[in-house]
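Counting starts at 1 for both ligands and their atoms, following the listed order. None of these values were measured; they are calculated from a predicted model.
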Amino acid sequence: MEIKNNYLEKVITLDGPAGSGKSTIAKMLAKEMGYYHIDSGAIYRAYTYAVIKKIGYLNSPEEFGDVFLKEKINPEQFSLQVYFENDTQIIKLDTEILNEQLRTRELTERIKYIADNISYRYKVNQILRDLAVRYPVIVDGRDMGTEVFPESRYKFYIDASIEVRAKRRYEEYIQNYKKNHIDIEEIKKEIQKRDEQDKNRKIGALKIPEDAIIIDTSNLTRNMVLNLLLTYLQKKF
Ligand code: DC
């Protein structure tokens with residue numbers, strides 16, 4: 001019990017929708033405070049990657065979802081490790097370190113089936129809590145302040161308008177993949193679809209924690225958001 005109370009002193013949660021900038025801010029905040037950043041979405045992505053490796057992409061996300069359920073693919077069968085190296089979160093599947101391969105649109109379209117599944121949610125939450133017991137962490141996701149660390153003292157909800165979020169994702173795609181034939185309206189629709197899935201998930205849905213500080217980053221620079229968070233944290237510490 002004592003450990004539990006102690007470790008919650010060192011957990012800062014950042015929840016919010018896709019493209020709100022929470023991962024970028026969480027990374028900056030962790031660096032500033034000497035904490036470790038955990039990207040919980042990346043762990044859901046990694047399990048999705050593991051399932052894709054096992055059953056393939058199939059013809060559509062729906063078919064992928066059907067086969068995933070029919071074959072009852074359990075997370076325990078995958079050897080996924082999450083740890084820190086030089087202050088950075090590393091996710092390893094067997095011997096493969098996962099990075100950019102987790103960020104494709106094809107994978108993103110298939111995450112829903114893994115994120116909706118109780119066995120995977122249970123497994124991811126266990127990984128997150130194990131890390132939080134051992135390290136001071138800033139953890140970003142959808143249900144960090146509500147489901148995984150409801151007793152954490154420091155909770156933020158990071159939001160932005162749909163237009164700004166779509167623009168940020170568009171710029172990310174152009175920069176990372178050097179593609180310029182992506183339609184921003186299409187990205188906007190993808191984000192709206194994911195918002196709906198994230199908000200309506202039966203367990204682990206995206207919700208604003210009751211005791212969270214809400215920050216709309218639409219008209220703020222990264223540094224402005226970082227300073228705002230630091231100001232709130234200094235008041236609380
Ligand atoms: O943050 P992200 O876009 O990388 O997250 C990818 C997906 O993972 C997101 O659409 C839903 C799922 N996810 C979740 O269900 N719970 C979390 N705490 C984090 C992510």
For [atom], find the nearest protein heavy atom and state the residue, atom name and distance (0.1 Å precision).
| atom | value |
| --- | --- |
| atom 20 (C) of ligand 1 | Gly41 CA, 3.5 Å |
| atom 19 (C) of ligand 1 | Ser40 OG, 3.4 Å |
| atom 1 (O) of ligand 1 | Arg142 NH1, 3.0 Å |
| atom 4 (O) of ligand 1 | Arg45 NE, 2.7 Å |
| atom 12 (C) of ligand 1 | Ala115 CB, 4.0 Å |

Check: Tyr57 ring centroid to Phe64 ring centroid under 6.0 Å: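 No: the rings miss the under 6.0 Å criterion.
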Distance filter under 4.0 Å to [X] heavy atoms, resulting ligand 1 atoms:
| X | result |
| --- | --- |
| Gly141 | 18 (N), 19 (C) |
| Met144 | 18 (N) |
| Arg201 | 11 (C), 15 (O) |

Heteroatom distance test (Tyr44, ligand 1): nitrogen or oxygen, under 3.5 angstrom: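 For ligand 1, there is no N or O atom that lies under 3.5 Å from one belonging to Tyr44.
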Please determine whether a side-chain nitrogen of the Lys or Arg among [X] and [Y] lies less than 4.0 Å from a carboxylate oxygen of the Asp or Glu.
| X | Y | result |
| --- | --- | --- |
| Arg45 | Asp39 | no |
| Glu171 | Lys167 | yes |
| Glu109 | Arg194 | no |
| Glu186 | Lys189 | no |

Within-shell test, Lys112 vs ligand 1, heavy atom, strictly < 4.0 Å: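 No; Lys112 lies far enough from ligand 1 that no heavy-atom distance drops under 4.0 Å.
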Stepwise side chain to side chain contact (heavy atoms under 4.5 Å, CB included) check, Thr13 with Tyr154: CA-CA 6 Å; Thr13 65; Tyr154 313 106; over 6 Å; no
Nearest option to atom 18 (N) of ligand 1, as decided by whichever heavy atom of Thr146, Ile203, Asp143 sits closest: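 The nearest heavy atom belongs to Asp143.
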Proximal candidate to atom 8 (O) of ligand 1 [heavy atom criterion; set Ile111, Asp140, Asn117, Val124]: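 It is Ile111 that holds the nearest heavy atom.
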Under 3.5 Å: donor-acceptor pair, side chain of Glu96, backbone of Asp94: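 Absent.
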cation_pi(Arg134, Tyr83) dist<6.0 Å, angle<=45: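 Output no; distance or angle outside limits.
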Option from Arg201, Arg121, Lys202 for which salt bridge (charged side-chain N to carboxylate O under 4.0 Å, His left out) with Asp116 holds: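 Result for salt bridge (charged side-chain N to carboxylate O under 4.0 Å, His left out) with Asp116: Arg201.
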At a non-hydrogen distance cut-off of under 4.0 Å, which region of [X] contacts ligand 1 (side chain, backbone, both, or neither)?
| X | result |
| --- | --- |
| Gln197 | neither |
| Asp198 | side chain |
| Arg121 | side chain |
| Arg103 | side chain |
| Arg194 | side chain |

Spacing of CG belonging to Asp198 relative to CD1 belonging to Ile111, to within rounding of 0.5 Å: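 Nearest 0.5 Å value for the CG-CD1 distance: 8.5 Å.
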Step-by-step side chain to side chain contact (heavy atoms under 4.5 Å, CB included) determination, Lys22 to Asp15: CA-CA 7 Å; Lys22 59 189 185 307; Asp15 289 306; 5.7 Å; no
